[in-house]
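Inspection log for the structure reproduced underneath, given as structure tokens.
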Amino acid sequence: MKLVIVGGVAGGASAATRARRLSETAEIVMFERGPDVSFANCGLPYYIGGIIADREKLLVAKPQLLRDRFGIDVRTLSEVRSIDRERKVVRVEDLDSGRTYEESYDRLILATGAAPIRPPIPGLDLPGVHTLRNLADTDRIKEIVDRGARRAVVVGAGFIGIEVVENLVHRGVAVTLVELSDQILPPFDREMTTPFEQLLRAKGVDVRLGDAAEAFEQESDHLKVKLRSGIVVETDLVLVGIGVRPENILATAAGLETGPRGGIRVDRAMRTSDPAISAVGDAVETVDFPFGAPTQIPLAGPANRQGRLAVDHIFGREVAYRGTQGTAIVGAFGAALAATGMNAKSLDRAGRPYQAIYVHPNDHAGYYPGASRLSIKLLFDPADGKVLGAQVVGSAGVDNRINVLAIAIQAGMTVFDLEQVELAYAPQFGSAKDAVNMAGFVAAGVVRGDSRVVLPDQLEAIDAMLIDVRSPAEFARGTIPGATNIPVDVLRNRLGDLPRDRRLVVFCQVGQRGYVATRILMQHGFDVRNLSGGFTTYQMARPT
Ligand code: FAD
């Protein structure tokens with residue numbers, strides 16, 4: 001068996017080493033057009049920020065290690081230019097010498113990744129305008145910062161954009177963040193990004209939503225970025241991070257099937273439309289989990305797992321990729337925002353029925369020092385309670401909760417399971433009723449009909465009487481326009497004041513007292529809903 005792999009980083013290097021572990025006799029050739037293989041793309045922003053001080057640490061496995069330990073024929077600075085499927089050969093250019101040659105294969109794996117999208121903006125090719133994909137890009141950006149850049153414009157508030165923003169701020173650079181959408185981190189539901197956006201602003205980042213870079217111009221010693229809004233930002237450095245597109249040139253030229261967004265189509269064994277060629281990682285269109293609809297999600301975890309799985313299949317093992325769930329986390333300035341599974345936007349697009357609830361518990365017991373608030377949005381099937389997706393934001397314990405919820409989705413669990421899951425607890429780590437249990441209690445209550453909830457964006461449509469069940473002091477500090485204050489502790493005495501011919505919406509700070517109020521009112525025959533997550537959710541959905 002001669003296995004040829006194109007691309008030597010996440011998916012490619014995983015495939016190559018797995019292949020050797022499965023077969024001592026296979027001939028394994030791995031082509032990488034860059035100078036490095038198996039480098040830590042995900043660490044690049046932190047090298048710019050100086051948090052990872054040693055560049056060597058980014059080189060997870062060097063070519064020599066792959067040769068020595070795994071017997072892999074690693075060829076760097078070697079670009080595969082074309083595939084001849086009939087003859088099962090690839091044509092390779094040695095970028096050092098310019099020589100081209102052919103290499104045959106029995107099985108070929110394409111792990112070519114995805115390239116940053118380069119929109120047709122005038123000035124995009126100016127020397128100070130960068131994208132970030134590899135170590136060479138990183139070196140160029142870091143050098144500008146090291147030379148004393150004071151100002152930067154980051155175009156695109158996706159994962160990479162946000163990570164670069166944090167690291168530039170860490171280096172003392174004043175950053176303007178420009179994002180076309182009306183929110184940062186478009187893969188999340190907008191309200192869940194609000195605390196993060198507020199944190200960026202509090203750290204001095206000039207966040208400009210609903211705006212776009214329209215031109216970059218070189219001045220004598222700096223750049224000008226013209227925004228659609230008419231604003232001109234002077235800067236020393238621009239990073240454009242508006243997303244990636246699959247590197248599919250080889251595949252399309254060879255006539256392999258691709259999806260509408262360019263991802264190479266693969267089956268559950270990661271085989272392309274040519275069974276002798278597999279494809280993995282950012283270059284492919286896979287299916288989502290749990291629904292199995294086509295999707296393209298460029299993340300390191302799926303790329304690595306797909307690399308292993310493609311090889312397992314090639315070496316005769318029964319395997320099937322389950323689909324990509326999109327479990328992701330981004331951190332900045334001590335906070336984290338994470339997601340798994342479907343979000344409201346993707347469920348709306350897919351036309352799937354769902355219910356969302358919010359909870360805002362502490363990351364650990366409130367009586368133990370240092371507790372901080374987590375906000376969890378849980379999306380589930382309203383009929384059977386199956387968990388479909390979750391998003392978590394906070395400053396501690398976010399990774400822990402999203403990973404639990406990710407496994408719940410993988411396991412096909414329901415909100416009733418979340419009520420029951422037993423999670424580790426001591427006061428400094430969690431609560432006896434963990435945040436995940438809390439989300440389960442609330443969601444299960446909704447499915448059982450113990451509680452009805454309403455979300456902030458549904459308030460107008462249901463035209464209900466709004467009752468703020470918090471204390472008068474809390475009410476005085478700010479409430480939802482039009483709300484009447486009836487604290488939950490006096491609610492039973494005020495039932496006569498409430499209309500029976502109109503729907504009621506109750507809310508408190510985080511939804512707990514609202515739930516108690518809902519139970520009281522439901523049992524007295526009122527048509528009532530609890531604003532899920534209370535005033536906290538409202539403020540996330542409608543920040544002032
Ligand atoms: P890549 O790792 O991009 O590797 C593809 C390789 O193929 C490239 O090195 C390319 O040079 C080579 N290649 C392409 N065409 C050819 C050819 N014709 N011949 C030879 N070689 C070729 N994901 C996360 O999950 N978490 C994170 O925190 C995270 N942070 C990131 C931060 C940054 C700055 C970047 C750029 C990405 C980050 N990602 C993160 C995404 C993650 O790195 C990718 O999803 C993952 O690397 C994809 O793996 P891959 O093997 O498909 O592609």
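Start at 1 and go down the list; that is how both ligands and their atoms are numbered. Keep in mind that this is a model prediction, so the values were computed, not measured.
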When you measure from the centre of the six-membered ring of Phe216, is the NZ or CZ of Lys224 under 6.0 Å away and within 45° of the axis?
-> no
Could you pull out all residues at least two apart from Gln325 that satisfy side chain to side chain donor-acceptor pair (under 3.5 Å)?
-> Thr340, Gln410
Under 6.0 Å from the six-membered ring centre of Tyr101 and within 45° of its axis: does the NZ or CZ of Arg91 meet both?
-> no
For residues 237-245, please give each side-chain donor-acceptor pair under 3.5 Å, one per line with the distance, not counting sequence neighbours.
none

Filter the ligand 1-protein atom pairs down to N or O on both sides and distance under 3.5 Å, then list them.
residue	atom	partner	partner atom	Å
ligand 1	2 (O)	Ala10	N	3.4
ligand 1	3 (O)	Arg133	NH2	3.3
ligand 1	7 (O)	Ala111	O	3.4
ligand 1	9 (O)	Glu32	OE1	2.8
ligand 1	9 (O)	Glu32	OE2	3.1
ligand 1	11 (O)	Glu32	OE2	2.7
ligand 1	11 (O)	Arg33	NE	3.3
ligand 1	15 (N)	Arg33	NH1	3.3
ligand 1	18 (N)	Val80	O	3.0
ligand 1	19 (N)	Val80	N	3.0
ligand 1	21 (N)	Arg33	N	3.1
ligand 1	23 (N)	Ala300	N	3.3
ligand 1	25 (O)	Ala300	N	2.9
ligand 1	45 (O)	Asp282	OD1	2.8
ligand 1	45 (O)	Asp282	OD2	3.1
ligand 1	45 (O)	Leu299	N	3.3
ligand 1	45 (O)	Leu299	O	3.3
ligand 1	45 (O)	Ala300	N	3.3
ligand 1	47 (O)	Asn41	ND2	3.4
ligand 1	51 (O)	Gly11	N	2.7
ligand 1	52 (O)	Asp282	N	2.8

For Arg322, what residues pass the salt bridge (charged side-chain N to carboxylate O under 4.0 Å, His left out) criterion, not counting sequence neighbours?
-> none
Output yes when a side-chain donor or acceptor of Asp434 lies under 3.5 Å from a complementary backbone atom of Gly430, and no otherwise.
-> no
